[in-house]
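To keep things clear, I will list the structure first and then write my remarks on it.
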Amino acid sequence: MLLIACRGFAAEPEGTVRITGKSVAAGVGFSWGSGVLTYKGREYPFTLTGLSAGDIGITSSELSGEVFNFKKSR
């Protein structure tokens, strides 16, 4: 049953992604980070930035994951 439901997904990951980020907020906040997409043996670095509202605090994050069904990068 599970194989039928997941049939459209790649069985093996096509790549990996790693992201590190930080955030500072006191009502209005700012977040920034960077990451690397590894796809077909090549590394593609990228950056992230954003604003938030209603937050308070300082955070740091490290994320990683697998990439499936990658179609197109810009």
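One is the number of the first residue; the rest follow in order along the sequence. Small disclaimer: the values here were computed from a predicted structure and weren't measured.
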Hphob cluster co-occupancy, Leu63 + Val17, side-chain heavy atoms under 4.5 angstrom: yes
Same cluster (ILVMFWY, side-chain, under 4.5 Å), Phe46 and Tyr44: yes
Heavy-atom side-chain contact between Leu48 and Ile19 under 4.5 Å: yes
Beyond-backbone contact of Thr49 with Phe30, side-chain heavy atoms, under 4.5 angstrom: yes
Nearest heavy-atom neighbours spanning Gly27 and Ile56: N-CG1, 4.1 Å
Residue pair Glu12 / Phe68: nearest heavy atoms and the distance that separates them: C-CE2, 3.8 Å
Distance, nearest 0.5 Å, that separates CD of Glu62 from CZ of Arg18: 10.5 Å
Pairwise distance CD(Glu43) to CG(Leu37) - rounded to 0.5 angstrom: 9.5 Å
Contact list for residues 27-38, test side chain to side chain donor-acceptor pair (under 3.5 Å), sequence neighbours left out: Ser23-Ser31
All side-chain hydrogen bond (donor to acceptor under 3.5 Å, both in side chains) counterparts of Thr20, not counting sequence neighbours: none
Residues forming a ring-ring contact (aromatic ring centres under 6.0 Å, His included) with Tyr39, sequence neighbours excluded: Phe70
